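Chain A is the first sequence line, chain B the second, and so forth, proteins listed ahead of strands; every chain is numbered from 1. It should be emphasised that the depicted structure is a prediction, and the values quoted were computed from it without experimental measurement.
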Amino acid sequence: MGELKRLDLEYNQLTSDKMRLNVGPQHPSTHGVLRLEVVVDGEIVTEVIPHLGYLHRSFEKYCEQMTYVQVIPYIDRMDYISAMNNEWVYVMGMEKLMGLKVSDKVEYIRVILAELNRIANHQIAVATFGLDAGAFTPFLYYFRDREHIIWVFEKLSGARLLYNYFRVGGLAADIYDGFKEDCLNIVKRVRKTNEELMDLLILNGIFIKRTANVGILPPDVAISYACSGPVLRGSGIKYDLRKDEPYSIYDRFDFDIPVGDGEVGVPGDCWNRNIVRVREMEQSCRIIEQALEQMDMEGDVKELVPRRVKPPAGEVYMRAENPKGDLGLYIVSDGTDKPERIKARGTSFVNLSVIPEISKGYMFADLILILGSIDIVLGEVDR
Amino acid sequence: MLTNEIFEKLKSEFGENILECNDQQPVDHFIVVKSEKLFEICHTLRDDDDFLFDYLMSLSGMDLNENLGVVYHLYSMKLKHKLVLKVMVPKTDPKTPSVERIWRTADWHEREAYDLMGIEFTGHHNLIRILCPYDWEGHPLRKDYQTPESYHGMKTSS
């Protein structure tokens, strides 16, 4: 037998070519039809170029051809995970333009529905984020609970996902008997599951190792990119429109704004963005409980709904705290019954634009987690 | 700060580049400025201690029949005040300075306004289409836009 040949390699002189990879548009971990062009050096991401538009349905162009009432179902289809919140921003903008003041009962029902939808949205966000990290069980737990919220919406509006329930000046239908009990049951369920999930997912050692210190978004960069919602609060900035610029009746409730405090990892990483959502669910539960207590069941929810929606000429920029961040709608009216222009500032669109900035230098598998922690819905990115 | 106070302060600094202040609107008040000095005005709005508009909420392209317009909705995280800024550009030569280097969120917003409205933002580092396919022709949100009959051999209307 001959002598073994020794290979002498100068490792620092080895060069590698960068590789261009394509993620999506049809891939479960891109959370919809998003295409990412990724330049990798080995397994390190050096550049990310998002390509959008695969779900572009010309929302803004269609709005110009429809009456104000017909726009509501289209608004549903933007962020289809939290359709109630989307509708609310639109009808609030229209009410501001027309100078309508809705009754207390309508406001309370709207707050309760919006907060229920916030919980449903965060359940999906945390569940799919766990799924991205390889945890499948929490996904099933959260979807089991979300079903109960969907049932309430179904009883109210007849639809499970796209409700078309809010009207300018009121609501499409009154609440049913037993609405209160259903909501209280949901609150109980959400709290129980969240407690379980703290041990199972959030404080799980493997999950922390995957998500803490990954995809750090510094606060000044977050503001420059106009991030909002849990993405901004995860970086430690206490900014929530429900407190900073209270709309509707949010000034009547007692609740806190959770921020990423670096309890694990550093503020602005994936873990902190995620924990904000988990804690927000508890705050939403508190708001729902207080609203149910304060609400007066008497009154007609359709009393103020105008027969024809025809606002005076003018313009309004309405924004509200949606589950994913602040959704802004710029509505321009020329005095007819059709909008002159509606511009939607999609929350996910703006939040997604920070991806090329924060994913440089991390592993390829972490890119999927960073994308998951931002919580996008492609219906709102592409509109 | 109220819109008319901001208007007075900008007027003293930029003179005739600040055109008008509309506080008659039923809802939102706004300031109209000339597009030539837009970059400097926005820079002042972000960095001056009285303004500190560090958060660009939204940037919208508008079709105003003869002109195209860009509307900037600004917000200050520190001082908690808002401002609506408008610029008008002629349809024949729709050019206005890019504010992408002031607020980085403007990057995608400007690409969207270019894509759908055809406004050219000078100084933008990568002004390409964002929502429509890269080889799409025309700017769909213009009022006089004609939908093409087909795209790569596919019918676009039913």
Side-chain angles (χ1 to χ4, degrees), chain A residues 49-61 64 93 96-99 219-228 232 237 239 241 244-245 311-319 326-333 340-346 349-354 356-357 381-383, chain B residues 22 24-30 46 52-65 69 71-78 80-84 86 100-109 111-113 115-117 126 128-134 136 139-143 145 147:
Chain A
I49 309 159
H51 296 274
L52 319 176
Y54 290 89
L55 204 59
H56 181 47
R57 294 151 299 175
S58 346
F59 162 74
E60 290 168 14
K61 186 76 180 171
E64 292 170 11
K96 200 172 166 194
L97 202 55
M98 295 170 77
D220 54 330
V221 178
I223 290 177
S224 185
Y225 273 98
C227 293
S228 49
L232 184 66
I237 299 172
Y239 170 70
L241 287 178
D244 281 293
E245 212 175 78
E315 57 179 63
V316 63
Y317 183 80
M318 191 69 216
R319 56 180 191 152
D326 48 331
L327 171 71
L329 286 177
Y330 178 48
I331 306 170
V332 184
S333 155
E340 165 83 8
R341 170 101 165 90
I342 292 184
K343 150 91 186 182
R345 173 236 199 249
F349 178 79
V350 177
N351 283 352
L352 180 66
S353 68
V354 82
E357 181 73 26
V381 174
D382 293 341
R383 281 156 286 147
Chain B
N22 186 332
Q24 307 301 315
Q25 279 272 336
V27 187
D28 283 353
H29 303 164
F30 60 84
R46 189 192 68 176
L52 289 177
F53 288 107
D54 50 0
Y55 194 92
L56 177 66
M57 295 191 283
S58 171
L59 188 158
S60 336
M62 297 278 292
D63 189 336
L64 310 161
N65 297 322
V71 186
Y72 303 83
H73 289 91
L74 305 174
Y75 180 71
S76 170
M77 293 288 246
K78 294 195 187 80
K80 310 271 178 213
H81 59 179
K82 288 195 264 190
L83 177 69
V84 186
K86 289 191 180 186
E100 177 220 6
R101 279 182 289 152
I102 301 176
W103 301 285
R104 295 166 84 175
T105 179
D107 179 359
W108 281 21
H109 280 302
R111 275 174 68 186
E112 188 190 327
D115 185 359
L116 302 179
M117 208 60 98
N126 182 26
I128 53 171
R129 287 184 184 272
I130 188 163
L131 293 179
C132 293
Y134 295 121
W136 192 261
H139 302 288
L141 269 186
R142 289 211 185 167
K143 298 273 181 198
Y145 175 72
T147 316

(request) Heavy-atom distances under 4.5 Å only: say whether B:Arg111 touches chain A with side chain, backbone, both or neither. (result) neither
(request) Please look at A:Tyr239 and chain B and tell me whether the side chain, the backbone, both or neither of the residue comes under 4.5 angstrom of a heavy atom of that chain. (result) side chain
(message) Rounded to the nearest 0.5 Å, what separates atom CZ in B:Arg104 from atom CG in A:Asp220?
(response) 9.0 Å
(request) Below 4.5 Å from any heavy atom of chain B, which atoms of A:Leu352 appear? Answer side chain, backbone, both or neither. (result) both
(message) If I measure from the heavy atoms of chain B, does A:Tyr54 come under 4.5 Å with its side chain, its backbone, both, or neither?
(response) neither
(message) What I'd like to find out is whether the side chain of A:Lys343 reaches to under 4.5 Å of the side chain of B:Val71, using heavy atoms alone.
(response) no
(message) Could you check whether any side-chain heavy atom of B:Lys82 comes within less than 4.5 Å of a side-chain heavy atom of A:Tyr317, counting everything from C-beta outward?
(response) no
(request) Would you check, one step at a time, whether the test side chain to side chain contact (heavy atoms under 4.5 Å, CB included) holds for A:Asp326 with B:Tyr75? (result) CA-CA 13 Å; A:Asp326 48 331; B:Tyr75 180 71; over 6 Å; no
(request) Output all residues satisfying side chain to side chain donor-acceptor pair (under 3.5 Å) with A:Arg341, sequence neighbours left out; order by chain, then residue number. (result) A:Glu60
(message) Could you report the tightest heavy-atom contact between B:Leu131 and A:Val381, atom names first, then the distance?
(response) CD2-O, 4.0 Å
(request) Tell me, for A:Leu232 versus chain B, whether the close heavy atoms (under 4.5 Å) come from the side chain, the backbone, both or neither. (result) side chain
For residues 55-65 of chain B, please give each side-chain donor-acceptor pair under 3.5 Å, one per line with the distance, not counting sequence neighbours.
residue: B:Tyr55; atom: OH; partner: A:Ala226; partner atom: O; Å: 3.3
residue: B:Tyr55; atom: OH; partner: A:Cys227; partner atom: O; Å: 3.0
residue: B:Asp63; atom: OD1; partner: B:Asn65; partner atom: N; Å: 3.0
residue: B:Asp63; atom: OD1; partner: B:Lys91; partner atom: NZ; Å: 3.2
residue: B:Asp63; atom: OD2; partner: B:Lys91; partner atom: NZ; Å: 3.4
residue: B:Asp63; atom: OD2; partner: B:Lys143; partner atom: N; Å: 2.7

(request) Give the minimum heavy-atom separation between A:Val350 and B:Thr105, together with the two atoms involved. (result) CG1-OG1, 3.7 Å
